[in-house]
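Some notes on the structure that comes next.
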Amino acid sequence: MTTIANGKITTDKLYYFQNKAFPNFALNVWCSSKYPADELSNVCLWKFDKTDAAQKWYVRGNDSQCRICPLVGSSSLCLDRYTGTKVGAGINAHLYSYSNTAAFIITDGTCSDTVRIRAIEGGKFLTAYSGANGSKDGRTATSAGNVYFASSALGNLKQEWVPIEVTSSSGGETSNKNYVTYPCSYMKILQSPFALTSGNSNSHYYYSDASANYHDYPIDEACEDKNRSWFYCPCDEMEIKRIYGVGESGKTNTIWLRSTSKVKMPCGEDYLVLMVMHPEDDDLEALSVGQKFKRGETIFREGMNGNATGNHFHMSAGKGDLSSNGWRENTNGRWVLTTTNGTIEPQEAFYVDKDFTTENNNGGISFTYLPE
């Protein structure tokens, strides 16, 4: 290991690169479980998220030449100047196998906490461009903003990047704490297990009714109402245990996930089981039983498959393992999660990470914040 950029970066360590002009955004690989990072995957700006694996980068090399490699995808991939496509006034940034166009010099920035990233070939600087989308063969990078290479402009904060080392305390690496955090970046709970009573046929009362032979405590999470929001892996690792309904008329798409080790929840330590309804076929068709995800990775998006009037997650939590096939129809006619160690309420399952989840409506639930 060696230090570069006046000691701001230690090589072979993992970093986020937060943009100084747009402090809520960071350098990001455009990828998903459906389109994993590969050659030509776009590099863009995205909402800064310490749990997002697509925002974590290794810096390798030394002061005279280094490469910047994403945590996600093949180990041969690097940040690269895409000489075949121009975006805005510069050359688009993407991923590619290491070559001359993927060699950089990282120097001390003009701000006390920033660095500048200059391509050795061509001499242009990595720049945030909020006014344009990047693309990879038609894969839209979203309106969060493109990243490209442009001529030097000292004092231009779009060319200044704040390197933040990924540590266990930042939520970036697997830690022995393995807290369970709320799996959505925006909280807008439209129905909770507690706010509604009998009389409404869609009420969650019929799921959580303690007098029923089986019951769970679901929430309807609508997220930000901007397209279809993602469900993020909420602990160090989860595995898909069952998928139901995909492509079958009259059946509501449902997926079951279980942590691969014991986790820390507000109610104590155990294995976590989650059952989520309403994702669409286009996401679930790309998934398979046994597939595993690390903390912060996107798994599927909210949907309205089945008896739903808008995009949302119908989400229930339990402890232990799936009991039987993971659900039972109760005496109220509702299909509820069943687990070996019982179902639990949302505030018993999830901590809320204030650095990740924006709270709009907690549905009247008193969540515990993630311990410092």
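When a residue number appears, it is its place in the shown sequence, counting from 1. What you see is a predicted model, and the numbers here were worked out from it, not measured in a lab.
- The aromatic rings of W327 and W335 lie tilted to each other, with the angle between the two planes from 30° to 60°.
- Atoms CD1 and NE2, from I219 and H204 in turn, are 9.0 Å apart once rounded to the nearest 0.5 Å.
- For C235 against M238, the heavy-atom pair with the smallest separation is SG-CG, 3.4 Å.
- Taking CD1 from I106 and CD1 from I9, the interatomic distance works out to 4.0 Å, rounded to the nearest 0.5 Å.
- In terms of heavy-atom proximity, G326 sits nearest to W256 at O-NE1, 3.0 Å.
- In this pair, H94 and Y96 present their aromatic rings parallel. The plane angle is below 30°, not in the 30 to 60° band.
- Judged by distance alone, the side chains of Y98 and R67 never bring a donor and an acceptor atom under 3.5 Å apart.
- No option in T181, T357, I299, D49 other than D49 meets the side chain to side chain contact (heavy atoms under 4.5 Å, CB included) test with Y232.
- Going from atom CE of M275 over to atom CE of M315 covers 11.5 Å, rounded to the nearest 0.5 Å.
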- request: Apply side-chain contact (heavy atoms from CB on, under 4.5 Å) to the pair D80 and S99, showing each step before the final yes or no.
  value: CA-CA 8 Å; D80 183 85; S99 66; 3.8 Å; yes

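- For T343 (side chain) and H215 (main-chain N/O), a donor-acceptor pair under 3.5 Å exists by modelled atom type.
- Within the 3.5 Å criterion, the main-chain N or O of P23 finds a donor-acceptor partner in the side chain of Q18.
- Using a cutoff of 4.0 Å between basic side-chain nitrogens and carboxylate oxygens, R116 and E160 are scored as salt-bridged.
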query: So D12 and R60, salt bridge (Lys or Arg N to Asp or Glu O under 4.0 Å) or not? Walk me through it.
result: CA-CA 5 Å; D12 297 318; R60 308 194 188 281; 3.3 Å; yes

message: I'd like to know whether L126 forms a side-chain contact (heavy atoms from CB on, under 4.5 Å) with L79, so could you lay out the CA-CA distance, the side-chain angles of the two residues, the decisive distance to 0.1 Å, and finally the verdict.
response: CA-CA 10 Å; L126 188 68; L79 175 68; 4.2 Å; yes

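- Between M265 and I344 the shortest side-chain heavy-atom distance falls below 4.5 Å.
- Ring planes of F104 and F149: parallel class, angle under 30° (limits at 30 and 60°).
- Using a 4.5 Å heavy-atom cutoff, the side chains of I120 and N100 are not in contact.
- The CZ atom of R334 sits 11.5 Å away from the CG atom of D216 when rounded to the nearest 0.5 Å.
- Judged by distance alone, with hydrogens and angles left aside, the side-chain atoms of E302 form a donor-acceptor pair with the main-chain N or O of S229 at under 3.5 Å.
- For T11 (side chain) and T2 (main-chain N/O), a donor-acceptor pair under 3.5 Å exists by modelled atom type.
- Hydrophobic clustering (side-chain heavy atoms under 4.5 Å, transitive across Ile, Leu, Val, Met, Phe, Trp, Tyr) groups Y15 together with W161.
- In this structure, the side chain of D220 does not engage the main chain of Q191 through any donor-acceptor pair within 3.5 Å.
- Tracing side-chain contacts under 4.5 Å through hydrophobic residues (I, L, V, M, F, W, Y), one never reaches V180 starting from Y186; they form parts of separate clusters.
- Salt bridge present: D282 and R301 bring a charged side-chain N and a carboxylate O closer than 4.0 Å.
- Salt bridge annotation for D113-K20: present, with a cationic side-chain nitrogen under 4.0 angstrom from a carboxylate oxygen.
- Pairing each heavy atom of V115 with each of P163, the nearest pair is CG1-CG, 4.0 Å.
- Side chain of Q55 to backbone of F17: no donor-acceptor contact under 3.5 angstrom is found.
- Taking the six-membered ring where tryptophan is involved, the planes of F231 and F300 are essentially parallel, since the angle between them stays under 30° and well short of 60°.
- Between D270 and K262, no side-chain nitrogen of the basic residue sits less than 4.0 Å from a carboxylate oxygen of the acidic one, so the salt-bridge criterion is not met.
- Counting only distance, with no hydrogens or angles, the side chain of E221 and the backbone of K188 share a donor-acceptor pair below 3.5 Å.
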Steps toward side-chain hydrogen bond (donor to acceptor under 3.5 Å, both in side chains) verdict (T340, D321): CA-CA 5 Å; T340 56; D321 202 349; over 6 Å; no

- prompt: Do L95 and V43 pass the side-chain contact (heavy atoms from CB on, under 4.5 Å) test, and can you show the C-alpha distance, the side-chain angles, and the key distance before you say yes or no?
  reply: CA-CA 7 Å; L95 296 184; V43 173; 4.0 Å; yes

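- Enclosure of atom CG in N62 by more than 12 non-hydrogen atoms of other residues, nucleotides or ligands within 6.0 angstrom is indicated.
- For the residue pair E239 / T260, no side-chain donor-acceptor distance below 3.5 Å is found, with atom types taken as modelled.
- Hydrophobic clustering keeps Y244 apart from V336 (ILVMFWY residues linked when any side-chain heavy atoms are closer than 4.5 Å, directly or through intermediates).
- One N or O on the side chain of Q159 and one on the backbone of A153 form a donor-acceptor pair closer than 3.5 Å.
- Residues I4 and V59 form a side-chain contact, since some pair of their non-hydrogen atoms from C-beta on lies under 4.5 Å apart.
- V162 and L157 fall into different hydrophobic clusters, where Ile, Leu, Val, Met, Phe, Trp and Tyr side chains are chained together by heavy-atom contacts under 4.5 Å.
- F367 and V263 fall within a single hydrophobic cluster, where Ile, Leu, Val, Met, Phe, Trp and Tyr side chains are chained together by heavy-atom contacts under 4.5 Å.
- With hydrogens and angles left out, the side-chain atoms of D209 and S211 include a donor and acceptor closer than 3.5 Å.
- What you find for R295 and P234 is that their closest heavy atoms are NH1-O, 3.2 Å.
- Atom-to-atom distance recorded for N311:CG and N305:CG is 10.5 Å, nearest 0.5 angstrom.
- When every heavy atom of S192 is checked against every heavy atom of I365, the shortest pair comes out as CB-CD1, 3.8 Å.
- Here L337 contributes atom CG and H314 contributes atom NE2; the two are 9.5 Å apart, rounded to the nearest 0.5 Å.
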- request: Might you work through the side-chain contact (heavy atoms from CB on, under 4.5 Å) test for N325 and R242, ending with a clear yes or no?
  value: CA-CA 8 Å; N325 63 357; R242 186 186 176 205; 3.6 Å; yes

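- Proximity of H278 to T252: side-chain heavy atoms (C-beta onward) are separated by under 4.5 Å at one or more points.
- Looking at heavy atoms from C-beta onward, K47 lies in side-chain contact with T358 at the 4.5 angstrom threshold.
- Under the 3.5 Å distance criterion, the side-chain polar atoms of N361 are matched with a main-chain donor or acceptor of I189.
- Looking at heavy atoms from C-beta onward, V147 lies in side-chain contact with L45 at the 4.5 angstrom threshold.
- Between S185 and W230 the shortest side-chain heavy-atom distance does not fall below 4.5 Å.
- For the pairing with F350, the ring-ring contact (aromatic ring centres under 6.0 Å, His included) check across Y182, Y179, Y369 returns one residue only, Y182.
- Of all heavy-atom pairs spanning A317 and L274, the tightest one is CB-CD2, 3.7 Å.
- Taking 4.5 Å as the limit, every side-chain heavy atom of N178 sits out of range of all side-chain heavy atoms of S259.
- Ion pairing between D283 and R228 holds under the 4.0 Å rule for side-chain N and carboxylate O.
- Judged purely by atom type and a 3.5 angstrom limit, N253 uses its side chain to pair as donor or acceptor with the backbone of V246.
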